[in-house]
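Accompanying notes for the structure given below.
Heavy-atom basis, side chains included; hydrogens, waters and symmetry copies ignored. Naming: A, B, ... by sequence-line order, numbering from 1 per chain.
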Amino acid sequence: MHWADVLAEEIVGRDPEPTIATGISPTGIIHVGSLREAITGESVRSAVAELGNEVRLVYLIDDMDPLRRRYDFLPESFEEHVGKPICMIPSPDGGPGTYAEHFVKPFLDAVDSLNVKCDIVWTHQLYAEGKFAKAVDASFKKRDLAIEILREVTGRDMDDNFAPYNPLCEKCQRYAKPIFETYSFPYVEYECGCGHRGRSDVEKMEGKLVWRLEWPAKWKIFGVDAEPFGKDHAAAGGSFDSGVRLVREVFGGEPPIPIPYEFVQLKGVGQMHKSTGSAVTGMDAINMTPPEVLNYMFLRVNPQRAIDYDSGLGILDMVDEYDRMERLFFEGEWAEVDDASVRAYQLAQHNEVPKAQPKQVPYRHLMNVVQMADGFDDALRILGRTEDLDGMTQADISRLRARMRCVLYWLDGFAPENVKFSVLSEAPELPEDDPARPFYASFAAKLADAPWDADSINGALIEAAAETGIGNKKGYQAVYRVVIGKTSGPRLGPFLADMERDFVVDRLKDCS
RNA sequence: GGGCCUGUAGCUCAGCUAGGUGGAGCGCCUGACUCUUAAUCAGGUGGCCAAGGGUUCGAAUCCCUUCAGGCCCGCCA
């Protein structure tokens with residue numbers, strides 16, 4: 001059984017109408033680990049839904065988190081914003097949105113393109129609506145207990161002045177220290193490092209629980225039954241451990257079923273990306289991996305297994321594997337060893353598998369066609385020469401379009417050189433006495449009236465190579481040389497068949 | 001120092017919960033297709049299941065130890 005189904009049963013056993021939560025802290029540039037979290041949550045959601053249960057996936061955006069420091073990618077002017085909540089800082093690109101909106105945007109786009117079905121909740125709104133008020137109240141009233149729990153769980157020396165809640169200074173917009181004696185629900189006075197003294201209302205967006213308490217407070221607020229999180233939180237004495245006790249003893253709730261997941265390692269197997277100059281980023285992974293395949297990649301292995309994202313040729317294998325599972329699924333028969341992977345295929349579309357098998361174009365073929373074509377329509381035209389494209393649905397076309405975009409992005413920044421080529425717009429200049437000239441002439445003549453298919457083209461080449469004594473190997477190389485300027489390339493017969501006959505014949509004649 | 005996870009074919013991974021002659025894909029090799037490297041098909045090669053010990057009639061699977069790798073243990077989310 002697939003792990004998502006195992007979890008789904010466990011979750012439903014606990015609550016027939018469960019809530020699954022997950023979240024992100026958009027303080028910086030998105031990474032694929034965050035995506036794994038979203039996809040893991042979504043897969044469990046859809047597995048629960050398939051059992052026939054009502055289920056909700058809540059996606060929390062922690063935009064009340066303060067900007068911890070000025071990261072390297074931020075302008076120096078952002079020094080002044082350090083310490084402020086990221087929902088109150090302007091976007092670094094000068095746009096209209098906030099800092100948090102700026103960094104979460106690509107992520108929400110990705111979540112959207114991956115078709116994750118979740119309720120997006122901005123943490124600052126929860127504060128603004130007073131949703132945290134009870135938890136803040138409990139934190140103040142049971143502060144000693146909270147400190148004791150943190151002391152026991154983390155083994156740290158806890159300051160008796162530990163503040164579970166930090167008011168937001170109305171003057172400088174940074175988090176300040178509360179003055180405990182002044183607390184009287186819903187108000188607490190504070191003294192800020194900037195010298196300002198004021199009063200904040202815990203029912204408004206005027207302060208924030210610290211992470212270790214905010215997390216369990218959310219479990220209580222939403223009645224969270226299960227939550228995926230990175231294994232950093234899962235360490236002994238980590239925030240999950242302390243959260244378990246805090247939610248029970250301070251907030252009077254129950255912790256969720258934990259779904260710890262391993263991190264994703266990005267290995268730039270191919271060349272480094274031009275624009276970033278460094279290894280693969282999360283956005284790169286999203287841009288070069290078809291969304292359904294990215295889903296599949298996370299779902300095919302257990303969450304606790306680390307994933308090495310292979311941005312080289314491995315990505316082609318991953319797409320091929322996905323397509324193979326798709327075929328198996330529609331054939332309705334597969335080996336036991338593929339059980340989990342076929343199920344992962346279904347979950348990768350959130351259990352909304354198309355009724356009929358989508359049109360598949362082999363990804364490696366697509367890779368070649370994209371390099372020959374000038375845009376999507378042209379690529380379709382080329383594909384149409386060798387593939388039967390009749391009966392393509394709207395969904396088929398948009399999938400093809402998305403995949404081509406991914407291939408292009410991959411070719412542009414990550415593909416190994418030996419799979420890249422471009423068709424030369426003009427014939428290269430060859431020496432007068434180039435030994436291949438007679439071969440080009442012979443091959444051109446044969447192609448002029450041969451049937452235009454891969455086999456015939458190839459046959460013509462063999463004949464021409466034999467007649468002119470150049471030999472097969474050199475014959476092939478000679479053709480690659482004048483078409484793409486390399487000595488190797490895609491399988492030649494099918495490759496030339498994808499092109500216009502006149503173009504090929506003219507090119508060969510030009511070189512003869 | 002403490003914790004969690006991982007270690008099965010060259011590579012990516014199933015199989016372990018409920019022990020019963022080790023699997024898949026890719027790669028590789030061979031063959032077919034008048035033919036090739038990168039879209040086809042068929043067949044084949046391939047592993048002391050990290051190491052050692054224990055339990056058992058029987059262990060990849062359960063227990064213990066060791067080794068290797070990854071990650072985490074900051075009022076940081």
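Contacts between residues 444-461 of chain A and RNA chain B, defined by a heavy-atom separation below 4.0 Å, involve A:Asp455, A:Asn458, listed by number.
At the heavy-atom level, A:Asp339 lies nowhere under 4.0 Å from the strands shown. A:Glu262 comes within 4.0 angstrom of a base, heavy atoms only. Among the protein residues, A:Arg212 comes within range of no part of the nucleic acid, since none of its heavy atoms lies under 4.0 Å from any strand. Nucleic acid contact class of A:Gly23 (heavy atoms, under 4.0 Å, all strands): none. Using a 4.0 Å heavy-atom cutoff across all strands shown, A:Asn418 reaches at least one base atom of the nucleic acid. Counting non-hydrogen atoms under 4.0 angstrom, A:Asp62 reaches the backbone sugars and phosphates but no base. Using a 4.0 Å heavy-atom cutoff across all strands shown, A:Tyr322 reaches no nucleic acid atom at all. At a threshold of 4.0 angstrom between heavy atoms, the contacts of A:Tyr363 with the nucleic acid are absent.
Ranking B:C13, B:G25, B:C75 by closeness to the A:Val301 side chain, first place goes to B:C13.
Straight-line distance between the C1' atoms of B:C28 and B:C67: roughly 31 Å, to the nearest whole Å. Of the P atoms belonging to B:U55 and B:G74, the separation is 42 Å, rounded to the nearest Å. Taking the P atoms as reference points, B:A50 lies 15 Å from B:C13, given to the whole Å. A gap of 14 Å separates the P atoms of B:G20 and B:G15, to the nearest Å. Between the P atoms of B:A60 and B:A9, the separation comes to 15 Å (whole Å). Taking atom C1' on both nucleotides, B:A18 is separated from B:G3 by 29 Å, rounded to a whole Å. One C1' atom belongs to B:G44, the other to B:G25, and the distance between them is 16 Å to the nearest Å. Using P as the reference atom, B:G43 and B:A24 are 12 Å apart when rounded to the nearest Å.
Shown here, B:U55 forms no base pair; nothing in the strands shown gives a Watson-Crick or G-U wobble contact with both key distances under 3.5 Å. Here B:U30 sits opposite B:A42 as a Watson-Crick or G-U wobble pair (both hydrogen-bonding atom distances under 3.5 Å). When both distances must be under 3.5 Å, the Watson-Crick or G-U wobble mate of B:U17 does not exist. The nucleotide B:C4 finds its pairing partner in B:G70, both defining distances of the Watson-Crick or G-U wobble pair being shorter than 3.5 Å. When both pairing distances are held under 3.5 Å, B:U37 makes no Watson-Crick or G-U pair with any nucleotide shown.
Under the 6.0 Å distance and 45° angle rule, A:Arg36 does not count as a cation-pi partner of A:Phe298.
When atom types are taken as modelled, the side chain of A:Lys486 and the backbone of A:Lys420 share a donor-acceptor pair closer than 3.5 angstrom.
Checking each of A:Thr123, A:Asp65, A:Asp62 against A:Ser25 for a side-chain hydrogen bond (donor to acceptor under 3.5 Å, both in side chains) leaves exactly one that passes, namely A:Asp65.
If you take CG of A:Asp320 and P of B:C13, they are 17 Å apart, rounded to a whole angstrom. Atom pair A:Asn302:CG and B:A14:C1' shows a separation of 10 Å (rounding to whole Å applied).
Along RNA chain B, the nucleotide closest to A:Asp498 and the one closest to A:Ser25 are compared, and the more 5′ of them pairs with A:Asp498. If you find the closest nucleotide of RNA chain B to A:Lys218 and to A:Val419, the one lying nearer the 5' end belongs to A:Val419.
Side-chain nitrogen and oxygen atoms of A:Arg68 include none within less than 4.0 Å of the OP1 or OP2 phosphate oxygen of B:G74. Remark: A:Arg305 is not in phosphate contact with B:U12, judged by side-chain N or O atoms under 4.0 Å from OP1 or OP2.
To the nearest 0.5 Å, atom CD1 of residue A:Ile484 and atom CE of residue A:Met372 are 9.5 Å apart.
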